[in-house]
2 protein chains.
Amino acid sequence: MDRSVKVAIIGAGVSGLKAAETLLSSGTISKDDIVVLEAQDHFGGRIQNSDVSQSKLGIPYALGALWFHDSLVNSVLHELLDSGLLNDEDIYYDDKDGPTYSSEGLLDVSGLKLNRVMEEASQFFELYFKDRCSDASCDEVVKEYVKRHSRFLTIEQQQYIGRLMRYYELWYGVPAEKASGREIIDGHMGRNLLNKKSYCFLLDLLKKKVPDSCIALNQAVKSVTQLSESEKKIELETKTGLKVKADFVIVTVPLSILKLKGSEEFGINWSPPLPRSTQDFINGLDFAALGKVVLEFDNVWWDINEDHFLIIPDEIDSNDRFRADGTPKPFAFPALAVNYSKIYKKGGSLVILTPAPLTNFLELNPDQSWKYFKPVLEKIAVEPIEDPINTITSNWTQNPYIRGSYSVSLAKRGNEDNHKNVLEELRIGNDVIRFAGEHTIVEGAGCVHGAYDSGIREATYVLNAMKS
Amino acid sequence: MDRSVKVAIIGAGVSGLKAAETLLSSGTISKDDIVVLEAQDHFGGRIQNSDVSQSKLGIPYALGALWFHDSLVNSVLHELLDSGLLNDEDIYYDDKDGPTYSSEGLLDVSGLKLNRVMEEASQFFELYFKDRCSDASCDEVVKEYVKRHSRFLTIEQQQYIGRLMRYYELWYGVPAEKASGREIIDGHMGRNLLNKKSYCFLLDLLKKKVPDSCIALNQAVKSVTQLSESEKKIELETKTGLKVKADFVIVTVPLSILKLKGSEEFGINWSPPLPRSTQDFINGLDFAALGKVVLEFDNVWWDINEDHFLIIPDEIDSNDRFRADGTPKPFAFPALAVNYSKIYKKGGSLVILTPAPLTNFLELNPDQSWKYFKPVLEKIAVEPIEDPINTITSNWTQNPYIRGSYSVSLAKRGNEDNHKNVLEELRIGNDVIRFAGEHTIVEGAGCVHGAYDSGIREATYVLNAMKS
């Protein structure tokens with residue numbers, strides 16, 4: 001059963017499948033020359049829809065990646081549209097200014113000119129880091145903005161701006177006290193586009209080009225060993241005992257797996273160990289936990305015309321957001337409720353985005369979802385609020401092969417190389433072990449199109465290296 | 001009457017007065033060592049309030065500079081506040097989301113998601129110029145955005161985005177077909193703050209530090225002659241025949257004066273001629289014509305709670321915006337009506353910003369103002385519209401010593417150095433003739449604080465040069 005191939009790919013998510021597809025379509029590598037080792041019993045990585053049977057409204061909810069971000073430059077989006085595989089009806093700009101609520105009710109963002117203050121606070125990030133080498137957390141930068149510019153801010157603006165800026169936790173997926181202020185100032189290029197067709201459609205397209213025989217499911221790699229200089233081969237061994245020898249390996253496992261020690265369960269043993277610079281890179285990034293809670297109702301008791309509802313948190317110290325019994329306090333975290341009822345017109349349906357560590361709690365205790373969200377969602381009710389008829393919760397933090405959502409830069413102390421430079425180091429010395437995935441790319445980091453592009457990048461590298 | 005001084009300053013606007021004040025406060029130059037030659041019968045340059053007697057409501061309208069831009073980094077603003085000379089009540093953030101109107105009535109900017117499209121179109125500018133050396137006009141870039149991304153835009157978004165983006169004409173003061181697309185992508189740092197106390201207050205502060213004896217009014221300089229190498233002096237001659245010899249000259253006349261030939265009336269004769277690079281710089285920039293029309297009414301017949309009303313133009317080709325009789329067609333230009341009634345609470349008062357060439361027309365024909373604006377302002381009426389009881393119009397384009405509002409980059413053809421580099425060239429060879437003013441600085445270009453900072457810069461240069 002042991003195999004010898006030209007290229008072994010670890011992980012059958014978007015980047016792994018795209019790498020495989022790129023290699024196969026080159027014409028220089030046959031299907032017997034590559035193998036994709038996938039730890040789970042299905043391909044797709046962090047792209048996953050809930051089963052239609054899970055929904056009482058017949059909606060396939062994307063529990064992982066959902067939007068096309070950077071829509072001006074998104075390679076996947078433009079490719080799919082250009083090829084006619086995606087149509088206008090399959091995409092939806094859900095970017096209408098939505099109402100914002102706090103525990104006090106509807107917040108008059110426009111009247112209090114809080115949108116202008118948010119824009120200014122975002123500009124302050126740029127100013128703050130202009131002549132500064134060291135990093136600071138998003139929370140620290142916002143606090144410094146309020147401190148330095150308090151005379152230009154009304155009392156209400158001072159009260160709300162920190163709570164409003166925690167909205168960004170729904171982007172970077174970790175608490176504002178941890179996220180790198182330096183990293184979040186890079187904005188997206190273009191609006192965000194909801195993928196109504198869901199990314200499973202992209203997976204299916206890729207999968208069509210990669211024969212079943214190339215993909216080995218339930219094969220979690222536990223070691224990567226570079227054999228002697230003379231043999232110039234890499235040997236992979238999986239938990240089931242399968243051994244694969246390859247000339248090149250493209251490693252697309254999530255950053256969360258790379259962060260595990262080889263001695264830990266689900267960790268990979270590297271022999272020789274990964275070089276210092278690669279380890280530093282892996283340690284310097286963190287893995288976020290953006291989660292989703294889907295709530296289905298008999299009726300729509302909120303404003304059907306809104307794209308989404310933002311709920312900002314109360315001002316609660318980061319150490320004090322959970323009760324002694326471990327349950328989250330209401331309004332301890334920001335939440336974005338996406339109004340699926342407007343998009344799918346199939347009944348009452350909200351998809352709520354949650355940041356860490358709320359995600360971790362709700363994914364471990366999905367039955368607690370409504371208890372947490374009922375007082376929160378009461379604020380958006382325009383009809384009598386109903387209990388949900390169905391709840392679906394993402395499970396990323398509890399999946400040992402995934403362990404969260406995507407990579408994120410934490411605020412670093414002291415002088416640090418930036419992400420871009422450090423990425424150059426994310427390879428092993430002799431250039432036969434390569435890395436792909438959303439965590440290995442700057443343009444599109446954390447996104448499907450970033451993972452996709454990184455798959456092309458590494459496949460292209462391997463093809464070129466094989467030529468020479 | 002001829003004088004010999006260490007430093008002659010041409011122009012008693014903000015940059016000239018700040019340069020004089022900086023020199024005098026250094027302690028190394030006495031008041032007999034400097035002279036400020038001002039062409040007009042008053043100091044202040046492009047800072048001017050209407051006489052209170054001109055207003056029926058007792059409001060001193062700023063007809064030139066009004067706002068503190070870049071409020072996060074505005075040196076003037078921060079200095080005045082730090083010294084207690086400006087208080088919270090003297091400043092007002094008039095940046096509430098205002099309603100937008102077109103000839104068809106109120107435009108549902110939020111509902112049509114046009115604000116998101118405007119943000120995206122602005123991001124497209126960055127993308128467009130990323131790998132491109134040549135310039136393009138703002139209008140061209142917006143048209144290219146619509147062309148490339150039409151499949152992501154609704155019919156309404158495609159119809160309105162070009163008209164909405166002409167809003168920026170109220171910033172750069174020239175038609176979108178002329179303004180440099182490359183230059184407008186630099187945003188301001190921070191919100192804009194309306195200076196309720198007006199900039200005349202700043203002028204008075206500066207004037208207190210510069211004795212009357214230092215300022216010669218009604219002395220338009222007509223020639224700047226560098227005398228022989230041995231004498232190392234510069235001789236200035238004014239229209240009245242006054243001759244001044246100086247070791248250093250700081251030239252703060254508006255760019256519009258620099259653009260005149262020496263042979264033209266109000267032009268300056270340079271001997272030797274300005275170097276090629278300086279002339280190129282002067283020719284490469286243009287002088288905009290942002291204007292103001294003040295309308296006073298017995299009653300407030302618009303929504304008193306709005307900070308301002310934006311009126312976007314109809315889609316009319318730039319060659320077709322005036323009738324055969326020379327009068328502007330209604331809705332041919334964008335306009336921003338600032339609701340002074342909200343700020344001053346003294347009755348019905350609107351201050352309307354106009355771009356070139358509408359400004360040129362209205363400043364030449366102030367009696368035509370209401371004829372142009374009545375059909376436009378009918379759109380914002382929530383009570384029966386009234387005729388104004390008073391109209392005050394700026395006069396910048398008609399003032400031969402000013403000739404417009406401020407400098408602006410026009411779209412250039414072919415490869416061009418950028419503004420920043422070219423600015424380095426804005427000096428005459430031997431470093432004794434210096435330039436200051438809003439057109440000589442990158443951070444704060446076109447603004448009072450830019451002019452102010454450039455005055456400090458050149459005074460500091462002269463002080464250092466005198467030491468060595």
Side-chain angles (χ1 to χ4, degrees), chain A residues 68 70-74 77-78 80-82 84 86-99 108-128 130 145 148-155 157 186-193 305-307 443, chain B residues 68 70-74 77-78 80-82 84 86-99 108-128 130 145 148-155 157 186-193 305-307 443:
Chain A
F68 293 106
D70 300 311
S71 66
L72 282 179
V73 293
N74 186 309
L77 172 65
H78 289 258
L80 290 174
L81 285 166
D82 288 344
L86 203 67
N87 295 310
D88 289 357
E89 312 86 64
D90 301 325
I91 52 179
Y92 177 70
Y93 278 109
D94 66 327
D95 54 359
K96 188 177 161 214
D97 291 325
D108 184 7
V109 170
S110 175
L112 294 171
K113 305 183 184 182
L114 284 162
N115 42 359
R116 294 292 97 77
V117 175
M118 277 187 82
E119 285 165 16
E120 184 171 271
S122 302
Q123 291 180 313
F124 179 78
F125 274 71
E126 197 185 317
L127 194 66
Y128 184 86
K130 207 172 176 181
Y145 164 71
R148 280 202 219 165
H149 295 278
S150 60
R151 62 186 175 192
F152 302 118
L153 300 170
T154 64
I155 299 295
Q157 288 168 345
D186 284 332
H188 280 293
M189 283 304 286
R191 295 172 287 161
N192 305 302
L193 232 155
N305 295 310
E306 298 294 351
D307 281 342
E443 307 288 337
Chain B
F68 293 106
D70 300 310
S71 66
L72 282 179
V73 293
N74 186 309
L77 171 65
H78 289 258
L80 290 174
L81 285 166
D82 287 344
L86 203 67
N87 296 309
D88 289 357
E89 312 86 62
D90 302 324
I91 51 178
Y92 177 70
Y93 279 109
D94 66 328
D95 55 0
K96 188 178 160 214
D97 291 326
D108 184 8
V109 171
S110 175
L112 295 171
K113 307 184 184 182
L114 284 162
N115 42 0
R116 292 292 97 77
V117 175
M118 277 187 82
E119 286 166 14
E120 184 171 270
S122 302
Q123 292 180 313
F124 178 77
F125 273 71
E126 196 186 318
L127 193 66
Y128 184 85
K130 206 172 178 182
Y145 164 71
R148 280 201 221 165
H149 295 279
S150 60
R151 63 186 175 193
F152 302 117
L153 299 170
T154 64
I155 299 294
Q157 287 168 345
D186 284 333
H188 280 292
M189 282 303 286
R191 295 171 289 161
N192 305 302
L193 231 155
N305 295 311
E306 298 293 352
D307 281 340
E443 305 288 338

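Owing to the predicted nature of the structure, the values given are computational and were not obtained by experimental measurement.
For the set N115(A), L112(A), L193(A), I91(A), the count of heavy-atom pairs under 4.5 angstrom toward chain B peaks at N115(A). For chain B, the option among R116(A), E119(A), R148(A) with the highest count of heavy-atom pairs below 4.5 Å is R116(A).
Interface remark: Y92(A) contributes side-chain atoms only to the contact with chain B (heavy atom separation under 4.5 Å). Heavy atoms of N305(B) lying under 4.5 Å from chain A are absent altogether. Heavy atoms of V117(A) lying under 4.5 Å from chain B belong to its backbone as well as its side chain. Proximity to chain A (any heavy atom under 4.5 Å) is restricted, for D94(B), to the backbone atoms N, CA, C and O. For chain A, the nearby part of D88(B) is the side chain; its heavy atoms alone come within less than 4.5 Å. Interface remark: L77(B) contributes side-chain atoms only to the contact with chain A (heavy atom separation under 4.5 Å). Heavy atoms of E306(B) lying under 4.5 Å from chain A are absent altogether. If you measure heavy-atom distances from L81(A) to chain B, the contacts under 4.5 Å come from both the backbone and the side chain.
A distance-only check finds a donor-acceptor pair linking the side chain of R191(B) to the backbone of F152(A) [under 3.5 Å].
Shown here for H78(B) and H149(A), the closest heavy-atom pair between the two residues is CE1-CE1, 4.1 Å. Closest approach of E120(B) and S71(A) over heavy atoms only: OE1-OG, 3.3 Å.
T154(A) has its side chain out of reach of Y93(B): every pair of non-hydrogen atoms, C-beta onward, lies at least 4.5 Å apart. D307(B) has its side chain within reach of K113(A): a pair of non-hydrogen atoms, C-beta onward, lies under 4.5 Å apart.
Between D82(A) and R151(B) there is a salt bridge, since at least one side-chain N of the basic residue sits less than 4.0 Å from a carboxylate O of the acidic one.
S110(A) is linked by a side-chain hydrogen bond (donor to acceptor under 3.5 Å, both in side chains) to D97(B), counting only residues two or more places apart in sequence or in another chain.
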